[in-house]
Amino acid sequence: MNGFEMILPFLKPIEHLILDDSISEVMVNGSDRVFVEKAVSSRELHGLSIGEKSLMVAVKNIARRLGDDISESKPISRLTSA
């Protein structure tokens, strides 16, 4: 299983956005604010929510995949590609 397949199950509410080739960026600001960038224009999408626990698990898995860690004792992490 690659890194992408490892985190995608935790991002089910926005999976369709992530897999949409016409969307250049998906931005999540908390569990209930989702923005997309499409054709050089950003907009907020209403009615989408990602559970806080799922979001944190996805973030932790991304950090681990990049060789770092995020935890209560290390809340801010400088992620670097491995």
> Which residues pass the side-chain contact (heavy atoms from CB on, under 4.5 Å) test with Ser41, sequence neighbours left out?
Replying inline: none

> Going hydrophobic residue to hydrophobic residue with side-chain gaps under 4.5 angstrom, can you get from Leu11 over to Val26?
Replying inline: yes

>> Quick one, Glu15 and Leu8 - any side-chain contact, counting heavy atoms below 4.5 Å?
In response: yes

>> Count I, L, V, M, F, W, Y as connected when their side-chain heavy atoms are under 4.5 Å apart, and connections chain through other members. Are Leu55 and Phe35 then in the same cluster?
In response: no

> Does the side chain of Arg33 reach to within under 4.5 Å of the side chain of Val28, using non-hydrogen atoms?
Replying inline: no

>> Applying a strict under-4.5 Å side-chain criterion to I, L, V, M, F, W and Y, I'd like to know whether Met27 and Ile62 cluster together.
In response: no

> Do the non-hydrogen side-chain atoms of His16 and Leu48 ever get within less than 4.5 Å of each other?
Replying inline: yes

> Can you find a heavy atom in the side chain of Arg64 that is under 4.5 Å from one in the side chain of Asp69?
Replying inline: yes

>> Taking Met56 as the starting point, is it possible to reach Ile50 by hopping between hydrophobic residues whose side chains are less than 4.5 Å apart?
In response: no

> Passes side chain to side chain contact (heavy atoms under 4.5 Å, CB included), Leu45 versus Leu17? Steps please.
Replying inline: CA-CA 10 Å; Leu45 300 177; Leu17 302 172; 3.6 Å; yes

> Going from CG on Asp20 to NZ on Lys38, what distance comes out if it is rounded to the nearest 0.5 angstrom?
Replying inline: 5.0 Å

> Taking side chain as C-beta onward, heavy atoms only, is Phe10 less than 4.5 Å from Asn61?
Replying inline: yes

> Does the side chain of Ser54 reach to within under 4.5 Å of the side chain of Lys12, using non-hydrogen atoms?
Replying inline: no

>> Please check if the number of heavy atoms outside Glu37 that lie under 6.0 Å from its CD is greater than 12.
In response: yes

